Amino acid sequence: MKCLPWKESATFRYSVFGTAFGLLFPILSLLIEIALHHFNFSFFIIIHIYKTVPLMYIISTAPIILGLLAYMIGKKQDELKCFNKSLEDTVKERTHNLEQKNQLLANEINHRKKVETELLEARNTAEKASQAKSSFLSTMSHEIRTPMNAVIGMTGLLFETNLNDEQKEYAETIRYSGEALLSVINDILDYSKIESGKLELEETEFKLTDTIEDIFDLLSSKASEKGLDLLYDIHPDVPMMIKCDLTRLRQVFVNLINNSLKFTEKGEILVTVKVNKTFKTGHLLQIEVKDSGIGIAKDKIDLVFQSFSQADSSTTRKYGGTGLGLTISKNLVELMGGTIWIESELGKGTSFFFTVKTGKVRSTGKIHDASPENLKGKKALLVDDNAVNINILEKQCQGWGLQSKAFVDPLQALESIQQGEHYDIAIIDMQMPGMDGSKLTAEIRKIHNKQQLPVIMLTSLGRMENDSSMDLYSAFISKPVRHAQLHRLIIHELLKSSGETGISEEKVQDKKQTPKKSAKHLVKNINILLAEDNAINQKVALRMLDKLGFTADVAGNGLEVLQEMEIKDYDLIFMDVQMPEMDGLEASRKVHKMFKGREEQRPKIIAMTANAMKEDRDRCLQAGMDDYISKPIKMETIENILIKWFVNKEQKNT
């Protein structure tokens, strides 16, 4: 066998044994037989023995057969040994391989454990860094907002005093600069929230037109300073009510419109809303914010959405800004399931497009509700030198069931009336080149009086109470125009001109001009405690409360709050969070313990703090505070808090 040396093999041993046995055994048998024949040994005797004794044949051949069997047995034993040896070698080889693999696996496990340990350490380091960053931002926000509260608060109080024009200009500059700085702080905080993944969305149901109009009201003063028109056009298939994160959608709108206001010197800013796709669960709205500004070069468009970047990155750039507004908008849009992109041409304006997913609302009404029968068959004259605004007004009138004829040239509109064309109502813009709205209305009055042709004037200059031409107009609407208000006003004027009684004057007033009862008249006999350690902020809050008709006691920290409460019963505590000795959170917990079992007698605790992060609000509510307002505090915010918590439903309804 190849696996064993020949002389060491069983085959060799058994072959030798078989050969020897095969030779010696017949010889021995023969000798015994001869001996039995009286030792008479001859060749003939041997032949005779073999002839007369057949057993000798068997005795002679049997050892040979046994030898052959021994050889075969030896061979099989050798094969078995070889197989066993081969099996042992295979087992050894596989055991060796397994040991090597086990070693490799052990090394891999150790490596992975090391990597996991490093990753865990890296994660812990990142979490600590994130916590440190959040802590720093919270502290930074607090430290900046505290003096900003004094700057903006005192400036607001300053406007309540008698100021000459020069003083008003100075105060307005201070307030504008303070609000600009506050906007930068808010941008940085929002960017930090988005970057750390801590920004959460909250879905609410709201009316889209009201949201856009409220934003236009907020930004109308900036637009008026530049003589820009703020316009919006919502397609008829857009639902009246939508559901998404109102706060974040509003933030995107404000960022994009503010951006357009910054880079537009003349013309208009147009917001267009349409349905991009419809799903079982809601809609994908596509919104465009289009301006007539300076535009963006094609090679600069990619920079617009980058953090801390602008298309013009020179240090002497004209327009300024942190470069975070559009980055924040992009991230917010993507969080709301949409995308954002730009189309622009240098010198011809920019269009920002974005989509946002909205959920379905039970109220499935559309933007253009059915109008009363009073409007059907009525014809409106529309005059505005802005072609975009005229186009939107025409669409609105069509949606309301009105016929309309539009003119961008006042002289052509006047010529149409002079030629006898009939109109039931006129909507005229005040500021137009050549012949403004006042002059055009004066010429119209030579032909038709107010009863025959009511005129609604669109103006960005307010009601102009001292204007001698006031008696020429039937009604005023301040720009940007609220479509619902214009709708109601048209119905009202048409009913009035036809002698019918319809919508009351109060119902068609602009929401901005609707008289509102103050907290002073709605909230009576409440005791207020102000917990604030900063002397300047104490003064600001006390002056604001005084302007609203309320007085308050002051505590410098949480311990003083508890001491004051032992002396006097309070209905409301404005509680700062960061105070020495005992902060506002611990003081709130102590107040809850004091009133355990009689919560209805506990004073309402309102956090009034410069910490503006969401987690700060959560901590305040978890500590038992009832509400939260962030600094800088405005007087109307305090008034809203007073009305919210201390005016019952009957008082609100009255």
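It should be emphasised that the depicted structure is a prediction, and the values quoted were computed from it without experimental measurement.
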Is the number of heavy atoms from other residues, nucleotides or ligands under 6.0 Å of [X] [atom1] greater than 12?
X    : atom1 : value
R543 : CZ    : no
K168 : NZ    : no
E334 : CD    : yes
F159 : CZ    : yes

### Message
Under a plain distance cut-off of 3.5 Å, with no hydrogens placed, do E394 and Q398 share a side-chain donor-acceptor pair?
### Response
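Side chains of Q398 and E394: no pair found under 3.5 Å.
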
### Query
Between the side chains of T355 and Q286, does any donor sit under 3.5 Å from an acceptor?
no

#### Entry: salt bridge (charged side-chain N to carboxylate O under 4.0 Å, His left out) contacts touching residues 335-354 (sequence neighbours left out)
E345-K348

Is any NZ, NE, NH1 or NH2 atom of the basic residue among [X] and [Y] found under 4.0 Å from an Asp or Glu carboxylate oxygen of the other?
X    : Y    : value
R482 : D214 : yes
E225 : K222 : no
K644 : D627 : yes
K479 : D429 : yes

For the [atom1] atom of [X] and the [atom2] atom of [Y], what is their distance to the nearest 0.5 Å?
X    : Y    : atom1 : atom2 : value
L246 : K207 : CG    : NZ    : 14.0 Å
D384 : D229 : CG    : CG    : 6.5 Å
T441 : K439 : OG1   : NZ    : 12.5 Å
L382 : N389 : CG    : CG    : 9.5 Å
T247 : F206 : OG1   : CZ    : 9.0 Å

### Task
Mind telling me whether W400 and H483 have parallel, tilted or perpendicular rings, with 30° and 60° as the class edges?
perpendicular

Which residues pass the side chain to side chain donor-acceptor pair (under 3.5 Å) test with [X], sequence neighbours left out?
X    : answer
S329 : N255
S416 : E421, Y423
D291 : S260
N449 : none

Indicate the atoms forming the closest heavy-atom contact of [X] with [Y], along with that distance.
X    : Y    : result
V383 : P410 : CG1-CA, 4.0 Å
S344 : G349 : OG-O, 3.2 Å
D424 : G377 : OD2-O, 4.2 Å

### Query
Between Q251 and R248, is a side-chain hydrogen bond (donor to acceptor under 3.5 Å, both in side chains) present by the stated rule, with each step listed?
CA-CA 5 Å; Q251 189 174 355; R248 297 308 172 185; 2.5 Å; yes

### Message
Can you list everything that forms a side-chain contact (heavy atoms from CB on, under 4.5 Å) with V388? Sequence neighbours excluded, please.
### Response
L231, E268, L270, N386, I392

#### Entry: Given L256, I342, L332, T339, the one that forms side chain to side chain contact (heavy atoms under 4.5 Å, CB included) with F354
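Output: one option passes, namely L256.
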
